[in-house]
There are 2 protein chains.
Amino acid sequence: MKQDARKRITIDHVARRAGVSKTTVSRYLNGHYEALAEQTLKRIQEAIIALDYRPNRMASGLKRDRSHLIGIVVADITNPFSTAILRGAEDVCKRHGYSLMVCNTDNDPAKEREYIFMLQAQRIDGLIINTTGQNNEFLHQLAAEHTPVVLVDRKVPELGFDTVGVDNEQATAEAVHYLVEQGYERIAFFSEPIDGISSRMERLISFQNVLRRYGHCSVSDIYEIDLRSEKQLEKKLDAFVHSSQDQSRVLFAANGVILLQLILELRKKGLQIPEDISVLGFDDLDWAPVVGPGITTIAQPTYEIGVTAMERVLQRLEGDDTPARQISLSGQLIVRGSTPSSSKPDGNGSSATTKSI
Amino acid sequence: MKQDARKRITIDHVARRAGVSKTTVSRYLNGHYEALAEQTLKRIQEAIIALDYRPNRMASGLKRDRSHLIGIVVADITNPFSTAILRGAEDVCKRHGYSLMVCNTDNDPAKEREYIFMLQAQRIDGLIINTTGQNNEFLHQLAAEHTPVVLVDRKVPELGFDTVGVDNEQATAEAVHYLVEQGYERIAFFSEPIDGISSRMERLISFQNVLRRYGHCSVSDIYEIDLRSEKQLEKKLDAFVHSSQDQSRVLFAANGVILLQLILELRKKGLQIPEDISVLGFDDLDWAPVVGPGITTIAQPTYEIGVTAMERVLQRLEGDDTPARQISLSGQLIVRGSTPSSSKPDGNGSSATTKSI
DNA sequence: TTGTATGCGTTATCAA
DNA sequence: TTGATAACGCATACAA
């Protein structure tokens, strides 16, 4: 019935051709060279090359209960933040002979759940996840099956998993501190909905803490934007812009997505950066230097987050059963022209200063 | 020896609990409801839920020679062009119960080869690849094993595979046509190294063809830039800038990466867009509207490319064995302020006109 | 409508 | 140093 009668090459063919048993071939495949006569070793090598044999990972996976697959679940694969993490994870993965299964949830808990199920069905060996926080039960299940789970960007304390992300508290504090010192009278915090998302929460809290320490009036200039609804951003930005008429003011964008949306909206309104309003954003996107006078940003070590998360998974896989670790990598404030000192309304122009924090 | 003595739930457990044989359970799992008594069907359902059973895809995959895995190999996963494709492919994949294995090659043929091997080992059911063109032999092998392969963005005629991408000829022609009509005296083509990469080649050829038709002098203003070498872009941009002193001029960036690099370099030199030099880029990146006066771009239907490629794979998987198809999706010229009519050095400001091509 | 027996390609156990 | 044999979890031919 099948088109091609010639079956695929299996370990049996290799064994036959090398004149040994498949056990012996298997030993070779798994690097037990100590237990092989030089003669047989060579014969096996030759047979493998001659037949162009490729071991079947489904078979060995079934037997050993190891798929060599690592799942990675991100909120939005088109977000540069996610892809940088992906790339970091991928590089490490490859080096260790694992492959990545990538899943995109759009922050939808239902989609996330479906993906977790799929990944479980594939018997992934480990999982890196930027979770919505709504599927803790299923994540727990994974862990109970001894599948290491590492959370990136977002923490869920009750899960007790390893966690990797930027140090939001420090990075935000540094940036807000800087803005206050630049003399801004009004500093607005724009974020996607906080929900229970730890990274957003941490940034908000740090933002408010710093302002409170300074006795700054902007403690309540907080705007949560659901980008799925058309006009929210426009309205809320309007509200802030009008309420801060004639004051020196700056927008703190809590992530790269909201940063871009804010800049688009400012442009639509004909507001100039920084003449009419200043801007600072979390996430140092590649276009930040070329928009307006250059956008001041907080650079996240996204690639390293991916690398670190993946390394954590591999360590767990190798038997590390020390308590869960919360790993925070530090961010870096990159000052550009979008946040000039508010007394002297001009500034550094296109030069960029970086400041480790 | 193992930590957890409780083994995983298998089809056997379900069978036992439901009081049937595993054959029957298997029938249920595969949707052969016609062959099941309502009674047993219910009992099986209950057992599955009670035990929270998840079929093991490695096992079923081994038996059926189907992994439910689709490989996707891209040159650079941090490039928005790639991620948009990824997202399209992913959406379709998910709808059909497949999962994506994502691989990143950095345009390195060696890496590409390693990944192809890995994917073969995992017995992927299909492959979408943005290939370097240096591993045709191995891609052929895959096809010989009846694994559908679909090429995105780059064609390799001798491979005889399905192909999905933007219509480079049309899109480029439209854009160059537009630039000529805007009255530019010098139009420079900047691209990453053409090598044998079909999409780059097609854009170049179309570029030159249009200029020739017009008897335009810029037919040889061609610059290939290897971005891995530090100063190449700077030097070549310098060369063009100096050679076109006092002429109206525009940069045609053949993809999004080179576009951004050009803009960064212009800024470093203190050259204004469009006062000192105009710019047009292939790939409508999300920041294009907010850089300078807005960058005129060619929008590629990247998401649709991903969707279409994945659909092609699935069709092949379902037995479609019609001849290979070359699918070209049309691009869209999006006119913004970076390419004003060169006679009247001002223009549309921030408004954008789109023009289907 | 259901069950028995066999095999998918690999690894692990045990014996030689 | 090597090999025979029995799993791994599932699907299928065939029988009942």
Side-chain angles (χ1 to χ4, degrees), chain A residues 1-2 6-44 47-48 51-69 97 120-125 145, chain B residues 1-2 6-44 47-48 51-68 97 120-125 145-146:
Chain A
M1 218 59 173
K2 270 296 179 91
R6 225 182 38 203
K7 298 293 298 178
R8 269 179 167 150
I9 303 297
T10 75
I11 199 172
D12 264 313
H13 300 130
V14 176
R16 206 131 36 205
R17 167 141 188 159
V20 298
S21 77
K22 40 189 204 157
T23 308
T24 307
V25 178
S26 177
R27 275 195 269 266
Y28 171 82
L29 293 175
N30 294 292
H32 297 342
Y33 303 123
E34 346 82 54
L36 291 182
E38 207 159 323
Q39 265 295 332
T40 40
L41 193 147
K42 248 189 218 155
R43 296 238 299 282
I44 293 174
I48 286 179
L51 297 172
D52 192 30
Y53 165 68
R54 312 286 170 82
N56 183 334
R57 278 205 168 170
M58 284 198 288
S60 86
L62 176 60
K63 181 66 185 164
R64 299 217 273 204
D65 204 21
R66 284 245 156 170
S67 62
H68 283 271
L69 256 23
Q120 260 178 310
Q122 291 286 0
R123 299 295 191 264
I124 49 163
D125 291 341
E145 293 165 3
Chain B
M1 220 60 173
K2 272 296 179 88
R6 224 180 41 201
K7 299 293 298 178
R8 269 178 166 152
I9 303 298
T10 75
I11 199 173
D12 265 312
H13 300 132
V14 177
R16 207 131 36 205
R17 168 141 187 160
V20 299
S21 77
K22 37 188 206 160
T23 307
T24 308
V25 178
S26 177
R27 276 196 267 266
Y28 170 83
L29 292 176
N30 294 293
H32 298 283
Y33 304 122
E34 346 81 54
L36 291 182
E38 206 160 323
Q39 264 295 332
T40 40
L41 193 146
K42 248 189 218 155
R43 296 237 301 280
I44 292 174
I48 286 180
L51 297 173
D52 192 29
Y53 166 68
R54 311 286 170 80
N56 182 334
R57 278 203 168 169
M58 284 197 288
S60 84
L62 176 60
K63 180 68 186 161
R64 296 215 275 204
D65 203 20
R66 285 244 154 170
S67 61
H68 285 270
Q120 260 178 312
Q122 291 286 358
R123 299 295 192 263
I124 48 164
D125 291 341
E145 293 165 3
H146 305 111

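Note that the coordinates shown come from a computational prediction; the quantities given were computed from them, not determined experimentally. In what follows, every heavy atom counts, from backbone to side chain, and hydrogens, waters and symmetry copies are set aside. Just so it is clear: chains get the letters A, B, ... in the order the sequence lines come, proteins before strands, and each one is counted from 1.
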Phosphate-side-chain proximity, S26(A) and dT11(C), N/O vs OP1/OP2 below 4.0 Å: yes
Sugar-phosphate only, base, or nothing, as touched by Y33(B) at under 4.0 Å among non-hydrogen atoms: nothing
Rounded distance (Å) that lies between atom P of dT1(D) and atom OH of Y28(A): 17 Å
Sugar-phosphate, base or nothing in reach of V25(B), heavy atoms under 4.0 Å: nothing
Phosphate OP1/OP2 of dC10(D): any S60(B) side-chain N/O under 4.0 Å: no
Nearest-nucleotide comparison on DNA chain C, the residue closer to the 5′ end among E34(B) and P55(A): E34(B)
Phosphate contact (dT2(C) OP1 or OP2) by T40(B) side-chain N/O below 4.0 Å: yes
Polar side-chain contact R54(A)-dG9(C) base: donor and acceptor under 3.5 Å: no
Sugar-phosphate, base or nothing in reach of R57(A), heavy atoms under 4.0 Å: nothing
Between dG9(D) (C1') and R64(B) (CZ): distance, integer Å: 13 Å
Nucleotide dG9(C), atom C1' - distance to NZ of K63(A) in whole Å: 11 Å
S26(A) and T23(A) side chains, donor-acceptor separation under 3.5 Å: no
Touch class at under 4.0 angstrom, heavy-atom based, for T10(A) against every strand present: sugar-phosphate
Distance (rounded to the nearest 0.5 Å) between L62(A) CG and M58(B) CE: 6.5 Å
NZ-CG distance between K63(A) and N56(A), expressed to the nearest 0.5 angstrom: 14.5 Å
Touch class at under 4.0 angstrom, heavy-atom based, for Y53(B) against every strand present: sugar-phosphate
Sugar-phosphate, base or nothing in reach of E38(B), heavy atoms under 4.0 Å: nothing
Listed nucleotide nearest any side-chain atom of N56(A), set dT2(D), dA11(D), dT10(C): dT10(C)
Interatomic distance where CZ belongs to R123(A) and C1' belongs to dG9(D) [whole Å]: 9 Å
R123(B) vs E145(B), side chain to side chain contact (heavy atoms under 4.5 Å, CB included): CA-CA, chis, key distance, verdict: CA-CA 10 Å; R123(B) 299 295 192 263; E145(B) 293 165 3; over 6 Å; no
Sugar-phosphate only, base, or nothing, as touched by T23(B) at under 4.0 Å among non-hydrogen atoms: base
Touch class at under 4.0 angstrom, heavy-atom based, for Q39(B) against every strand present: nothing
Side-chain N or O of T24(A) closer than 4.0 Å to phosphate OP1/OP2 of dT2(D): no
Whole-Å distance separating the CG atom of L29(B) from the P atom of dA11(D): 6 Å
Atom pair distance, as rounded to whole Å: CG in L62(A) and C1' in dC8(D): 4 Å
Flag side-chain contact, heavy atom, 4.5 Å: I48(A) against Y28(A): yes
Separation of atom NZ in K22(A) from atom P in dT13(C), rounded to whole Å: 16 Å
Nucleotide dC10(D), atom C1' - distance to CD of Q122(A) in whole Å: 14 Å
Intermediate values then yes/no, side chain to side chain contact (heavy atoms under 4.5 Å, CB included), L29(A) and I11(A): CA-CA 10 Å; L29(A) 293 175; I11(A) 199 172; 3.9 Å; yes
